[in-house]
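We use all heavy atoms of the structure for the numbers below, so side chains are in, but hydrogens, waters and symmetry mates are not. Quick note: residue numbers are just sequence positions, from 1. Everything quoted here is computed from the prediction, not taken from an experiment.
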Amino acid sequence: MDRKKEPPKGKVGFMYMLAGGTDGSNTDPYATKPEPGNNWVETGPHVMIVNATDMMQGYPMDPKPDTSRPYVMWAGTPYAHLMIPVK
């Protein structure tokens, strides 16, 4: 059974990981480990704005972001979200 679903339409969310998160791919939402080309990033404490594509315009969407500044993770996918560091 495939549980990969698109986010609900018209609903914006706010999440937080104040202890930081496990490292993850910045470009592949389904990556489970670092591999060549999947742009693994290290994330410290942060908050996330999800499902607000229009709000993300103007923020960096680079595959290898500066994680000390706000950036869009998983840009170009239905799971794109704004990452905002809190330290």
Minimum-distance pair of heavy atoms, taken over all atoms of N38 and K33: ND2-O, 2.9 Å
Linked, directly or transitively: V47 and L82 (ILVMFWY side chains, under 4.5 Å): yes
Heavy-atom pair with the smallest gap, counting every atom of S68 and D66: OG-OD1, 2.5 Å
H81 NE2 to M56 CE distance, which is reported to the nearest 0.5 Å: 8.5 Å
M83 vs T43, side-chain contact (heavy atoms from CB on, under 4.5 Å): CA-CA, chis, key distance, verdict: CA-CA 9 Å; M83 298 280 286; T43 57; 3.7 Å; yes
side-chain contact (heavy atoms from CB on, under 4.5 Å) evaluation trace for M15 with V50: CA-CA 8 Å; M15 301 185 309; V50 298; 3.6 Å; yes
Pairwise side-chain contact, P7 with P78, heavy-atom cut-off 4.5 Å (strictly under): yes
Trace of the side-chain contact (heavy atoms from CB on, under 4.5 Å) decision for H46 with Y16: CA-CA 6 Å; H46 60 280; Y16 58 91; over 6 Å; no
Minimal non-hydrogen separation, I49 against V12, with atom names: CG2-CG1, 4.1 Å
W40 side-chain N/O to A31 backbone N/O, donor-acceptor pair under 3.5 Å: no
Polar contact flag, side-chain donor to acceptor under 3.5 angstrom, N39-T27: yes
Distance-minimising heavy-atom pair for V72 and N26: O-OD1, 3.9 Å
Atom OH of Y59: over 12 foreign heavy atoms under 6.0 Å: no
Y79 to Y30 - nearest heavy-atom pair and separation: OH-OH, 3.0 Å
Greater than 12 external heavy atoms within 6.0 Å of Q57's CD: yes
Nearest heavy-atom neighbours spanning V41 and M73: CG2-CE, 4.0 Å
